[in-house]
Each structure stands twice: as structure tokens, then as C-alpha cells.
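Accompanying notes for the structure given below.
Just so it is clear: chains get the letters A, B, ... in the order the sequence lines come, proteins before strands, and each one is counted from 1. The structure displayed is predicted, hence computed values, not measured ones.
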There are 4 protein chains.
Amino acid sequence: MNSTRRPRRSDTRQRIQDVALELFAEQGYDKTSLREIAERLGVTKAALYYHFRTKEDILIGLYEDLTRPMDELIAWAREQPATLETKKEILRRYGDQLRDSAPMFRFFQENQAALRELTIGVDVKARMVTMGELMQGENPSLADRMRCLSALFIMHAGVFSLRHVEADPEDKRRAALEVAIELVAAAHTEPPH
Amino acid sequence: MNSTRRPRRSDTRQRIQDVALELFAEQGYDKTSLREIAERLGVTKAALYYHFRTKEDILIGLYEDLTRPMDELIAWAREQPATLETKKEILRRYGDQLRDSAPMFRFFQENQAALRELTIGVDVKARMVTMGELMQGENPSLADRMRCLSALFIMHAGVFSLRHVEADPEDKRRAALEVAIELVAAAHTEPPH
Amino acid sequence: MNSTRRPRRSDTRQRIQDVALELFAEQGYDKTSLREIAERLGVTKAALYYHFRTKEDILIGLYEDLTRPMDELIAWAREQPATLETKKEILRRYGDQLRDSAPMFRFFQENQAALRELTIGVDVKARMVTMGELMQGENPSLADRMRCLSALFIMHAGVFSLRHVEADPEDKRRAALEVAIELVAAAHTEPPH
Amino acid sequence: MNSTRRPRRSDTRQRIQDVALELFAEQGYDKTSLREIAERLGVTKAALYYHFRTKEDILIGLYEDLTRPMDELIAWAREQPATLETKKEILRRYGDQLRDSAPMFRFFQENQAALRELTIGVDVKARMVTMGELMQGENPSLADRMRCLSALFIMHAGVFSLRHVEADPEDKRRAALEVAIELVAAAHTEPPH
DNA sequence: AATGAATGAGGCTTCATTCAT
DNA sequence: GATGAATGAAGCCTCATTCAT
């Protein structure tokens with residue numbers, strides 16, 4: 001009887017971020033104006049500036065929401081033994097993130113050019129590369145590197161690029177995971193113990 | 001008489017397209033203004049309008065340069081028997097296109113959001129999907145569809161996403177092709193004769 | 001009981017005025033925003049509105065601090081006989097004010113255009129003119145009027161415009177006073193007794 | 001039958017500068033918006049941007065118009081022998097400039113604070129100081145420096161600060177020149193030949 | 001005595017586009 | 001084959017100010 005009362009401690013900030021993501025994902029970052037965001041929210045543009053210093057700042061908030069879990073996953077992965085089972089688990093967890101933050105992932109993927117020149121280095125791909133490396137063994141061949149990186153790309157494809165395929169999203173996700181695991185397994189060599 | 005029969009559409013037209021691609025790829029479509037293009041070319045903005053009706057028209061020219069070979073490859077592929085050898089050849093040819101038009105591919109990949117709302121449907125991905133389908137057998141499983149589509153993604157990755165890997169670009173390309181073929185092969189079943 | 005009888009208008013009020021003067025003098029009136037003042041003070045903008053009705057009100061406070069002593073000096077001067085000794089004393093006292101309120105004088109001098117259209121007539125120059133007149137004799141020649149007015153300008157110059165001259169500020173002030181007195185003396189004719 | 005035909009080679013550029021000076025002088029630089037300038041000219045804001053890159057650029061044009069003659073005068077003065085007659089001539093010429101560019105001088109004087117932070121160092125006062133130095137002898141006393149600098153201030157005062165005095169502007173100018181010459185003469189010592 | 005949240009007005013600037021020459 | 005001049009729409013952002021708490 002408090003938490004749902006009325007706009008608490010800036011519920012607005014969150015709403016701005018939600019609407020922004022929605023529009024950014026729909027139309028692209030550059031094509032989305034603050035006017036639109038404000039209108040859809042029923043506030044004035046100036047209100048946005050009370051909560052965020054710039055348009056870019058809104059984006060940065062979203063970016064951090066996306067990369068925080070990725071970075072946590074990376075940190076966790078670094079502490080695990082480089083077994084195949086670990087790698088599978090990484091892929092599984094990555095798949096979960098992908099599912100939970102699909103619109104955000106899609107947005108960052110489709111707006112790479114628009115985001116490149118931002119003051120903060122928005123670089124989701126760098127994290128994918130890092131993750132790919134976590135799945136390689138020692139001195140991997142070029143082909144193995146490709147396999148590991150591709151495993152991740154495939155999982156993205158499973159969520160975004162099979163939209164035209166009529167099938168249960170969960171099934172697609174699982175199929176992607178399956179292929180990804182195949183690839184990582186092919187590149188795997190048991191670490192020296 | 002010139003090297004080509006009809007008075008080839010002025011040289012400037014081509015130069016505009018070249019510079020435009022350069023800038024579009026560098027900074028993104030939305031962030032690149034006609035002023036910039038004109039400046040880098042040493043002409044006025046108005047001059048651009050002599051050669052192209054709109055900014056979008058410049059893009060369309062580029063789009064056609066990219067899709068013409070793709071469409072030709074697709075047409076060719078449709079006429080071939082669906083053997084594994086055919087599929088390998090498709091991948092090889094696709095790889096060549098990817099190499100020859102790398103900046104263009106990259107541009108369309110990184111600007112998906114910006115291009116989505118254009119009056120012409122700029123849809124490179126649709127062609128990738130079509131190509132993926134050409135590599136599937138009859139009634140493919142979800143996983144096989146994934147494999148075939150991913151084969152193509154991997155080839156992109158080989159050109160664009162391994163920039164951080166110090167290695168000969170040709171080697172990377174070959175490694176990508178190798179993995180792509182693996183995937184397509186895994187999904188392949190000899191067609192009924 | 002406090003050091004002053006009535007509960008002195010809160011300390012914050014004074015601090016606002018101090019900070020405002022500092023910033024107004026540094027950057028100009030128009031370029032200084034209430035946000036900046038509030039930030040440097042560590043309070044919110046809204047707090048300023050508890051103490052002042054408008055931005056202009058802050059300025060008016062400063063203006064009064066500046067003109068009160070000037071007006072007192074003018075009033076005092078009017079009651080004295082128009083002897084040369086009186087005039088010297090006026091210059092001396094004016095010099096003291098100039099020294100004690102240097103930032104304020106400078107601010108009003110450098111922001112004349114910005115302050116011109118304010119609802120209260122901010123007119124420091126009018127007071128200088130009045131003072132200049134107090135130093136003229138009866139029916140002064142144009143040149144004598146110039147001399148008297150200039151005497152005052154020179155004293156300003158002694159404080160503000162010789163910043164590039166490395167010398168003790170007090171010395172500069174004294175030199176300015178000396179020249180000012182010369183000028184007033186040159187314009188002086190002993191009043192009829 | 002050509003020079004007065006119709007808007008020649010960008011007559012507009014000059015008109016923008018004229019109107020801008022008018023408004024800048026009237027209301028101050030900060031308070032004058034490009035909208036106002038455009039409106040008074042009967043063009044759109046965007047038209048201003050065809051002729052000037054920024055608002056500041058308009059100002060810089062005016063600034064250069066003001067300082068070019070000052071710098072020429074300074075250069076000329078440096079080549080003359082430092083006789084009293086030379087100094088008088090400098091003051092005379094300075095007076096002419098002051099008369100011819102009165103609005104501009106006034107504007108830069110009354111907007112010092114607003115102009116201080118511009119990217120180009122708008123510094124008219126520095127030139128006055130330089131001129132003052134040209135009128136000093138060797139090793140001038142502080143008081144003599146004051147006299148020479150003040151001579152220039154007085155001439156400004158003669159043009160701007162005696163507006164309340166009903167008298168022919170030319171007479172005022174002459175009176176100011178007279179007093180200025182007095183001061184410079186008092187500071188003068190014949191240079192060693 | 002002061003804050004958090006918001007507004008309306010308006011600022012400067014950039015853009016794609018047009019058109020007479 | 002191209003320029004010079006201009007426009008209308010829109011963008012991001014900042015400001016002084018208000019008001020409920």
C-alpha cells in the first residue's frame with residue numbers, strides 16, 4: 001500500500017528509459033527525437049533533461065543495463081575451469097541474457113554505425129569477442145577461433161534473424177544453442193590438468 | 001569513341017557514389033550530410049542534386065550495386081542441382097562478393113535501423129535468408145536451417161568481426177569458408193535423383 | 001540575542017549574493033545561470049527562489065549595495081562648500097569606494113548592455129555624471145566638464161585597466177588619484193563667497 | 001547601371017552585419033537572437049547560416065572591421081618619431097576612428113563581459129593599452145602612464161558619456177581631444193635625438 | 001528553509017531540398 | 001554540368017520560473 005501508490009521516487013526516469021528503448025529499437029537512435037520520446041510519455045522535452053543530461057545519457061543508461069550482465073558473465077567465466085561443460089554453461093547463460101534483453105541486443109546490433117562516434121565507447125561487439133576468446137583453448141587455430149566466435153553469432157541469429165521462420169521462439173533458441181554447442185565442442189581440447 | 005558505347009553517365013556520378021559510401025560506412029547514413037559529401041568532393045551541394053534526386057537516391061544506387069550480384073548468384077544457384085558441391089560453390093562465390101564489396105556489406109549491416117524506414121525496402125538480410133534456404137534440403141529441421149543460415153553469417157564474421165585478430169585477411173576468409181562448409185555439409189542430405 | 005537586533009536575514013541570502021557577484025563578474029550577467037549559482041553554493045535552484053523572487057532581484061540587491069554609498073557620498077558632497085579641498089576629498093572617498101567594491105564596479109561597467117533593459121533602471125553612470133557635476137564650477141566650459149568627468153573615469157582606469165601593469169595596486173590607485181586631482185584642479189575656480 | 005541594380009555579389013552579407021551591429025548595440029550581444037536579426041532583415045534564420053558559420057562569426061566580422069583601422073594606426077605610429085606632434089596626430093586619428101565607428105566602439109565597451117569568453121580573444125582594450133604605451137616616453141612614471149592611458153579614455157568619454165550634455169557632438173569631441181592632448185603633453189619628454 | 005519534478009519559451013544550429021542563373 | 005542563395009522543418013539543449021511537499 002505504498003509501492004503502488006503513485007509515481008514514487010522517480011518512476012519517471014525508468015519510464016523514459018523504457019520508452020526510449022522502444023523507439024530507438026523501432027526507428028533507430030538517430031531518427032528518434034527527444035520530442036517523440038517526450039510526447040509518448042506525456043511530458044515535455046525539458047522534463048527529460050531533468051532526468052538525463054543529454055540524449056546520449058539516456059542511451060548510456062540502456063547500454064549499462066545491457067553490459068552489466070554480460071560483464072558479470074565474463075567475470076564468472078574467467079573463474080571457471082575451461083572444460084567443455086563450462087563452455088556449454090556460458091552459452092546457456094548467454095542465451096538467457098539474449099532472450100531477456102532481446103530488444104536491447106537488437107538495438108545495439110542494428111545501430112552500430114550510429115553509435116560508433118559516441119563519446120563513450122559503446123562496444124557490445126568487443127564483449128562478444130571476449131566471450132568468444134573464453135571459449136577457445138590454448139593457441140587456437142584460426143578456424144577454431146571462427147567456430148567459437150560464430151557460436152555466439154549463431155545464438156543471435158537464433159533470436160533475431162529467424163523471424164521469418166514460423167516456429168516457437170523457444171524452439172529456435174534451443175536449435176541455435178544446439179548448433180552453437182556443436183561448434184564450441186568441435187573447437188574444444190581438454191585443458192591440461 | 002569512348003571505351004564504352006553510350007556516353008557513360010558522367011564520371012562525377014560515380015565519384016559521388018564512391019565518396020558517399022566512404023562516408024556512410026565511416027559515420028553512418030544518418031550522420032552523413034550532403035554537405036560533407038559535397039565538401040569532400042569539392043563541389044556544392046546543389047551539384048549533387050544534378051546527379052541524384054534525393055539523398056536516398058544515392059543510397060539506392062549503392063544498394064543496387066550490392067544486390068545485383070547477389071541476385072545473380074541466387075538465380076544461378078536456383079538452376080543448379082542441389083548437390084553439396086553446388087552448395088560449396090555458392091559459398092565460395094558469396095565469399096568472393098563479400099571480399100569485393102566489403103565496405104558496402106558492412107555499411108548495410110551496421111545501418112539496418114537507419115535504413116529500415118526508407119521508401120524502397122532495403123533488405124539485404126532477406127537475400128541472405130533466401131540464400132540460406134538454397135542450402136537447405138527438403139523439410140529441413142530447425143537446427144539445419146540454423147546451420148545453413150549461420151554458414152552465411154560466419155562468412156560475414158570472417159570479414160568484419162575478426163578485425164582484432166592479427167592475421168592475413170585471406171587466411172581469415174578461408175577459415176570462415178571452411179567452417180561454413182562444415183555447417184552446410186552437416187545439414188546436407190543428397191537430393192533424390 | 002544575536003549580534004544584531006532583528007534576526008538578520010538569513011546567512012544564505014548573503015551567500016547567494018556573494019556567489020552571484022562572483023559569477024556575474026566572471027562571466028557576465030546573461031551568461032550566468034541560476035543553476036550555476038545554485039551548484040556553486042551546493043543548494044538547489046528552488047532554494048534561490050526562497051530568498052529572491054527573480055534573478056533580477058539578486059542583481060538589485062547588489063546594485064543597492066553599490067549605489068547606497070555612492071548616493072551617500074553625493075548627498076554629503078552637496079552639503080559641502082565647493083572648495084578645491086572638498087573636491088579632493090570627494091575624489092579620495094570615491095577612490096575608497098572603488099577599492100572596496102572593485103568587483104561590483106567592474107561588473108556594472110562591463111555589463112552595461114546586458115543590464116540596460118532591466119525593469120529597474122540600473123544606472124551607475126548617471127551617478128558618475130552627477131558626481132562629475134559636483135566638481136564643476138558655475139557655467140563650466142565643455143573642456144572643464146570633460147576634465148571633471150574624466151577625473152572619475154581615470155580613477156576607474158587606475159583600478160581596472162592597468163591590470164597589465166605590474167605595480168602595487170595601491171600605487172596605481174594613488175597615481176590615478178593624483179592625475180584626477182590635477183584635472184579637477186585645472187577646472188576649478190574658487191566659488192564666489 | 002550595374003552597381004546599383006539589385007542585390008549584387010552578396011549584398012546580404014553586409015546587411016546582416018549592419019543589422020546585427022544595430023541590434024547588438026541596442027540590446028547587447030547575448031540578448032540579441034538570430035531570430036530577431038533574421039526577422040528585421042526579412043530572411044530566415046537559415047539564411048544567416050549561409051553567410052556566417054555561427055552567431056559568433058557575425059561578431060568576428062564586426063570585430064575585424066573595428067580593429068583593422070586600430071592596428072593600422074598602431075603600425076603607423078610605431079614608425080614615427082616619438083615627438084609630441086606625432087602623439088597629437090595619433091590622438092587626432094584615433095578621434096576620427098572613434099567618430100566613424102562610434103556604435104561599434106560603444107558596443108565592444110558595453111559588452112565586455114559578454115564577449116570575454118568567446119573563442120577568439122575579443123580584446124579592444126588591449127589595443128587601447130598598446131596605444132597608451134606608444135604615447136609614453138622612456139621609463140614613464142606610473143602617473144605618466146595613467147595620463148597617457150587616460151587620454152584615450154577621455155576621448156571615449158567625449159563620444160559616449162556626455163550624451164546627457166546638450167552640445168554639438170563635434171564640440172564635445174574637440175573638447176575631449178583638447179584635454180587628451182593636455183594629458184599627453186604633461187607626460188611628454190622630448191626623446192633623445 | 002529547502003527540494004524534487006516539471007514546464008514553456010526560446011536559443012543556436014543543421015539538414016535536405018529548391019530554384020534561378 | 002554546376003553554383004549561389006535561400007527556405008522550412010526539425011534537432012538538441014538551456015533557462016528562468018513554479019509548485020506541491
Only one of Asp18(C), Asp11(C), Thr12(C) passes side chain to side chain donor-acceptor pair (under 3.5 Å) with Gln14(C), and that residue is Asp18(C)
Show me, pair by pair, the donor-acceptor contacts under 3.5 angstrom made by side chains of residues 61-70 of chain C, not counting sequence neighbours?
| from | atom 1 | to | atom 2 | distance (Å) |
| --- | --- | --- | --- | --- |
| Tyr63(C) | OH | Gly121(C) | O | 3.3 |
| Tyr63(C) | OH | Asp123(C) | N | 2.9 |
| Tyr63(C) | OH | Arg127(C) | NH1 | 3.1 |
| Asp65(C) | OD1 | Arg68(C) | NH2 | 3.4 |
| Thr67(C) | OG1 | Tyr63(C) | O | 3.0 |

Between CD1 of Ile16(D) and P of dA5(F) the distance, given in whole Å, is 11 Å
Arg13(D) CZ to dA6(F) P, in whole Å, measures 13 Å
Just so I know, are the side chains of Leu23(D) and Glu26(D) near enough to count as touching, which here means a heavy-atom distance under 4.5 Å?
yes
Winner on side-chain proximity to His51(C), out of dA2(E), dT7(F), dA2(F), is dA2(E)
Between CD of Gln27(A) and P of dA10(F) the distance, given in whole Å, is 14 Å
Please table the atom pairs, donor to acceptor, closer than 3.5 Å between any side-chain atom in residues 33-45 of chain A and protein atoms at least two apart or in another chain.
| from | atom 1 | to | atom 2 | distance (Å) |
| --- | --- | --- | --- | --- |
| Ser33(A) | OG | Glu36(A) | N | 3.2 |
| Glu36(A) | OE1 | Ser33(A) | N | 3.1 |
| Glu36(A) | OE2 | Gln27(A) | NE2 | 3.1 |
| Arg40(A) | NH1 | Glu22(A) | OE2 | 2.7 |

Intra- and inter-strand pairing of DNA chain E, written as dot-bracket with Watson-Crick and G-U pairs under 3.5 Å and | for the latter, reads .||||||||||||||||||||
Between CG of Asp57(B) and C1' of dA16(E) the distance, given in whole Å, is 13 Å
Contacts of Arg53(C) meeting side chain to side chain contact (heavy atoms under 4.5 Å, CB included) (sequence neighbours excluded), chain-then-number -> Asp57(C)
Per nearest nucleotide of DNA chain F, the residue lying toward the 5' end, Tyr50(B) or Val43(D), is Tyr50(B)
*asked:* Are the side chains of Glu117(C) and Lys31(D) in contact, using a 4.5 Å heavy-atom criterion?
replied: no
Exercise for review: Determine the interplanar angle of the Phe107(C) and Phe24(C) rings, folded into 0 to 90°, and report it as parallel if under 30°, tilted if 30 to 60°, perpendicular if over 60°.
Suggested key: parallel
Gly28(C) and Ala113(D) have their tightest heavy-atom pair at CA-CB, 3.7 Å
- request: Ignoring backbone atoms, establish whether Thr12(D) has a side-chain N or O less than 4.0 Å from OP1 or OP2 of dA6(F).
  value: yes
Applying ring pair (Phe, Tyr, Trp, His ring centres under 6.0 Å) to Phe160(A) and not counting sequence neighbours gives His156(A)
Gln14(D) CD to dA5(F) P, in whole Å, measures 14 Å
From CD of Glu39(A) across to P of dA10(F) the rounded distance in Å is 11 Å
Here the distance between atom P of dA16(E) and atom CG of Leu59(B), to the nearest Å, is 13 Å
Readout for nucleotides 11-18 of chain F: B = base within 4.0 Å of protein heavy atom, S = sugar-phosphate only, - = neither; 5' to 3' it is SBBBBBBB
To the nearest angstrom, the CZ-C1' distance between Arg15(A) and dA5(E) comes to 13 Å
